[in-house]
Amino acid sequence: MKITRIAAYRVELPLHEGSYKWSGGKSVDVFDSTIVRVETDEGVVGHGEVCPLGPFYLPAYAAGVRAGIAELAPHLIGQDATELGKLNQLMDAAMKGHPYVKSGIDIACWDILGQVSGVPVCTLLGGRWGDDFVLYRAISQTPPEEMAKNVTAYREEGYRRFQLKVGGDPNEDIARIHAVAEVLQPGDKLVADANTGWLMHEAARVVRGVKDVDVYIEQPCVSYEECLSIRERTDHPFVMDEVIDGMDALLKLHSDRAADVVNIKISKFGGLTKARQARDLCVSLGIAMTIEDSWGGDVTTAAIAHLAHSTPTEFLFTSTDFNSYVTVSNAEGAPQRINGRMSASKEPGLGVQPRFDILGEPLVDVS
Ligand code: MG
């Protein structure tokens, strides 16, 4: 089943809350997302999505997704869309690095493989664990009392896991964590995600300042070594995210006992093929995971759902429903949150159909 055309569409995703704020004063008002379409000579068509969290979160930016696909696509025309391992080798040979560029193409080819096989991507990734899986809600960085109010409101919508965006002024972050902890109920889980925002002395103060709070500490500092230094002086459960971008990082983390949970973002690893490899490695090593992406709409949410739902339940710390944060739906058939939980589609492939009336004309079109 040969690839005959690869196209990329740009779609804007505004936020229900108006903006999303995290460490270091970073924020996004409207996400710039790319929908990737892969067509084949047998008429089967697959879709993927890549949406960086602005250009200042990971080494990825929205226009780079499209520029990269324009560069890479000519190498893929004529290749078999269902041979995911070979396709990934070919993409890596044609373009060094830039995993986020490859992610949407890889996801689209999993969509094709699922349709050809007549099974959901979830089945191809290992099988469905239970009826549904657990989600977290990211709480945008605002003053402590406002974050506590937002947690209460999202708790009423069914969420039981909350990821606070901290990584700001340490005194205020300590107040944020305490204010939110006070409105939680037994069984809820709280994560303080600094998104690399603290220097080591600041992180050290925060972990001491919240010593008696039941809270996970996520990616306090920029580098792996700085995070490890904080890990070694706190007994809070510990999560690493931004610095975990491949198998080498995961193996080092395991060897150093550097975290209890890791965050697997699909586009950070380069698509479902490599995110699945990372997921399976974590299961073998006994490391729990948050499974998600940098951001996205309905197509990304569908891809996340298939990977999360095929992860053994006890290893899935949390996942996410990005399509409920944004005001624009870019595809039909995407999974929807019910009581803080979600499930992958049972249709063949990803189970989504992009809304081309919203996507308009492609910005990249290679055939
Ligand atoms: Mg994180």
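Quick note: residue numbers are just sequence positions, from 1. Remember, it's 1-based here, ligands and their atoms both numbered in the order they're listed.
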Student: Is the distance from the Mg ion (ligand 1) to some N, O or S atom of Glu242 under 2.8 Å?
Tutor: no

Student: Out of Glu157, His16, Arg137, Gln336, which residue meets the side chain to side chain donor-acceptor pair (under 3.5 Å) rule with Ser324?
Tutor: Arg137

Student: Can you tell me the N, O or S atom of Asp241 that's nearest the Mg ion (ligand 1)?
Tutor: OD2

Student: Are Asp131 and Arg341 within salt-bridge range, i.e. N to O under 4.0 Å?
Tutor: no

Student: Do the side-chain N and O atoms of Asp298 and Ser329 include a donor-acceptor pair separated by under 3.5 angstrom?
Tutor: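 Indeed, the side chains of Asp298 and Ser329 share at least one donor-acceptor pair under 3.5 Å.
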
Student: For a 4.5 angstrom cut-off between non-hydrogen side-chain atoms, does Glu226 reach Pro220?
Tutor: no

Student: Relative to the Mg ion (ligand 1), which of the N, O or S atoms in Asp193 is the closest?
Tutor: OD2

Student: What is the name of the N/O/S atom of Glu218 that is nearest to the Mg ion (ligand 1)?
Tutor: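 When I compare the N, O and S atoms of Glu218, OE2 is nearest to the Mg ion (ligand 1).
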
